[in-house]
Amino acid sequence: MWKFTPELEMLRDTVRKMANEVIAPRAAEIDLTGEFPWDIKELLQRHGILSVPFPEGGCEQKHTAVCLAVEEIARVCVSSSLILQVQALGATPILLAGTEAQKTKYCPPLASGEKLCAFGLTEPDAGSDAAAMATTAELRGDTYILNGLKHFISNATVADVFCIFAMTDRSKGTRGITAFIVEKDYPGFHIGRVEKKMGIRGSPTAEIVLNDCRVPRENLLGREGEGFKIAMKALDYSRPVIASQAVGVAQAGLDFAVKYSKERVQFGAPIAQLQGIQFMLADMAAQTEAARALTYHAAALADEDSSQLSYIAAAAKLMASDVAMRVTTDAIQVAGGYGYMVDFPAERYMRDAKITQIYEGTNQIQRLVIARQLLR
Ligand SMILES: Cc1cc2nc3c(=O)[nH]c(=O)nc-3n(C[C@H](O)[C@H](O)[C@H](O)COP(=O)(O)OP(=O)(O)OC[C@H]3O[C@@H](n4cnc5c(N)ncnc54)[C@H](O)[C@@H]3O)c2cc1C
């Protein structure tokens with residue numbers, strides 16, 4: 001069992017209790033209806049969990065704190081864990097590059113949970129190659145005019161505040177990308193298509209249409225041309241959180257498989273007595289523990305703002321998400337045909353685990369990040 005500071009242990013225990021008692025009973029329904037769970041958002045808000053990524057949350061090791069909370073929530077409902085994860089990701093550019101005035105305006109309502117935020121980088125033709133973005137921002141007087149389409153944006157339909165990345169000077173490549181704080185009520189800001197998804201169905205994923213969207217000049221984040229750097233740094237901080245999500249759902253798969261194997265009788269005895277099943281459970285447990293260890297290491301590096309963060313965060317996200325996919329697939333295997341049925345949670349775990357290999361940089365991109373660091 002990992003030992004953390006008393007503050008972190010208390011946070012983890014609080015979230016674990018909340019997850020087991022309130023979120024777990026809602027998880028299947030959230031998946032089935034595909035509706036954003038406002039009740040869970042309010043629960044997290046009431047208990048101050050949405051303040052954890054912010055200085056207002058008062059937690060010294062805030063990155064580890066976010067990771068522990070996300071792991072506990074993801075263990076019972078990955079969709080619900082995105083409420084905190086996306087709040088942390090969406091706010092990171094403001095925390096990294098915001099002026100005092102921007103932080104004073106935006107952080108308190110985000111920390112209290114009164115407002116939600118999101119992160120808008122991806123476009124239809126700019127996924128892994130984020131620098132290929134077509135969205136533009138042009139300064140006219142004291143207003144930036146944004147035009148373009150962001151897609152696959154988590155929590156787009158429920159967020160109030162967005163960190164949006166746009167090209168201010170295409171000739172400069174990645175150095176021509178700029179970050180902006182955009183509010184949902186700004187003229188020219190619209191929500192487009194809402195996606196239907198394999199998993200994390202309670203986390204809305206949608207397009208943002210920017211049609212001559214008017215953003216006040218004071219909402220420029222950092223300086224013009226710093227957007228790509230800000231986005232990459234935000235992802236470095238967020239990848240341990242995705243790894244935590246993966247560890248949480250892997251643990252769920254393991255717990256399910258252990259319990260099921262002790263209850264299911266075939267050939268006159270619980271299948272847990274079969275060595276073939278025991279070996280599967282042992283591999284699932286060993287992989288989950290290894291993923292957890294690397295994830296906590298990455299979270300600690302985020303808290304130290306270590307120069308190793310990029311490398312280890314990518315490694316943690318890569319490893320934990322691959323483990324989550326393997327373990328949740330094996331959880332279904334342990335339960336045989338029953339595991340394939342929606343009456344049991346294992347198939348939801350597998351569908352939810354899959355996204356952790358894709359978003360915030362696919363695992364191919366994590367390998368590129370790792371290799372780039374190795375070969376420097
Ligand atoms: C549910 C969901 C939520 C999301 N939430 C957000 C969000 O909140 N904000 C946001 O900005 N984005 C979000 N995304 C976008 C996500 O980060 C991208 O989908 C992801 O980065 C991959 O981009 P892509 O889908 O365009 O795939 P592509 O880039 O088209 O990749 C297709 C395939 O090619 C591979 N590939 C691409 N380039 C390379 C390479 N150089 N070497 C090897 N293989 C390569 C990829 O690994 C992948 O297997 C979300 C996506 C999903 C599905």
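Both counts, for ligands and for their atoms, begin at 1 and track the order of listing. Keep in mind that the numbers below use all heavy atoms, side chains included, and drop hydrogens, waters and symmetry copies.
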Inspect the contact between Glu347 and Arg351 and indicate whether a charged nitrogen and a carboxylate oxygen are less than 4.0 angstrom apart.
yes
Could an N or O of ligand 1 be found under 3.5 Å from any N or O of Gly120, whether backbone or side chain?
no
Going by the order shown, which atoms of ligand 1 are within less than 4.0 Å of some heavy atom of Ser154?
3 (C), 4 (C), 5 (N), 6 (C), 7 (C), 8 (O)
Any protein heavy atom nearer than 4.0 Å to atom 15 (C) of ligand 1:
yes
Which residue supplies the protein heavy atom nearest to atom 43 (C) of ligand 1, what is that atom called, and how far is it?
Gln364 CB, 3.8 Å
Going by a strict under-4.0 Å cutoff (protein heavy atoms only), does atom 1 (C) of ligand 1 have a neighbour on the protein?
yes
Around atom 42 (N) of ligand 1, find the nearest protein heavy atom and jot down its residue, atom name and distance.
Leu368 CD1, 4.0 Å
Between Ser128, Gly199, Ala126, which one has a non-hydrogen atom sitting closest to atom 38 (N) of ligand 1?
Ser128
Whether the side chain of Asn219 engages the backbone of Phe180 through a donor-acceptor N/O pair (distance < 3.5 Å, no angle test) should be reported.
no
From atom 47 (O) of ligand 1, work out which of Asn363, Leu235, Thr362 has a heavy atom at the shortest distance.
Thr362
From atom 52 (C) of ligand 1, work out which of Ile358, Leu89, Ile355 has a heavy atom at the shortest distance.
Ile355
Where ligand 1 meets Lys197 - atom numbers and elements under 4.0 angstrom, heavy-atom basis
1 (C)
Flag for Arg367-Gln364: side-chain donor and acceptor within less than 3.5 Å:
no
Of all the non-hydrogen atoms in the protein, which one sits nearest to atom 26 (O) of ligand 1, and at what distance?
Gly127 CA, 3.2 Å
Checking Gln85 against Glu360: is there a side-chain donor and acceptor pair closer than 3.5 Å?
yes
Is Lys229 atom NZ crowded by more than 12 heavy atoms from other residues, nucleotides or ligands, each under 6.0 Å away?
no
Under 4.0 Å, heavy atoms only, figure out whether ligand 1 is touched by the backbone of Glu360, its side chain, both or neither.
backbone
With respect to atom 51 (C) of ligand 1, which of Phe152, Phe165, Phe119 exhibits the smallest heavy-atom separation?
Phe152
Less than 4.0 Å from atom 23 (O) of ligand 1, is there any heavy atom belonging to the protein?
yes
Does the separation of the ring centres of Phe152 and Tyr359 fall below 6.0 angstrom?
no
Counting only nitrogen or oxygen atoms and a 3.5 angstrom limit, does His151 reach ligand 1?
no
Give me the residue, atom name and distance of the protein heavy atom closest to atom 39 (C) of ligand 1.
Ile365 CD1, 3.9 Å
Without hydrogens or angle criteria, can the side chains of Asn147 and Thr136 be said to hold a donor-acceptor pair below 3.5 Å?
no
Salt bridge check, Lys105 against Glu218: does any charged N sit closer than 4.0 Å to a carboxylate O?
no
Nitrogen or oxygen of Tyr359 less than 3.5 angstrom from that of ligand 1:
no
Just checking, any donor-acceptor pair under 3.5 angstrom between side chains of Asp236 and Tyr311?
no
May I ask whether Ile365 and Phe165 are part of the same hydrophobic cluster, defined by side-chain heavy atoms of I, L, V, M, F, W, Y residues being less than 4.5 angstrom apart, directly or through others?
no
Nearest protein heavy atom to atom 5 (N) of ligand 1: under 4.0 Å?
yes
Among non-hydrogen protein atoms, atom 21 (O) of ligand 1 lies closest to Gly361 N, 3.9 Å
Heavy-atom nearest neighbour in the protein, as seen from atom 10 (C) of ligand 1, with distance rounded to 0.1 Å
Thr122 OG1, 3.3 Å
Got a sec, which pairs hit salt bridge (charged side-chain N to carboxylate O under 4.0 Å, His left out) with one end in residues 190-204, sequence neighbours left out?
Arg193-Glu195
Salt-bridge present (Lys233, Asp305; N to O < 4.0 Å)
yes
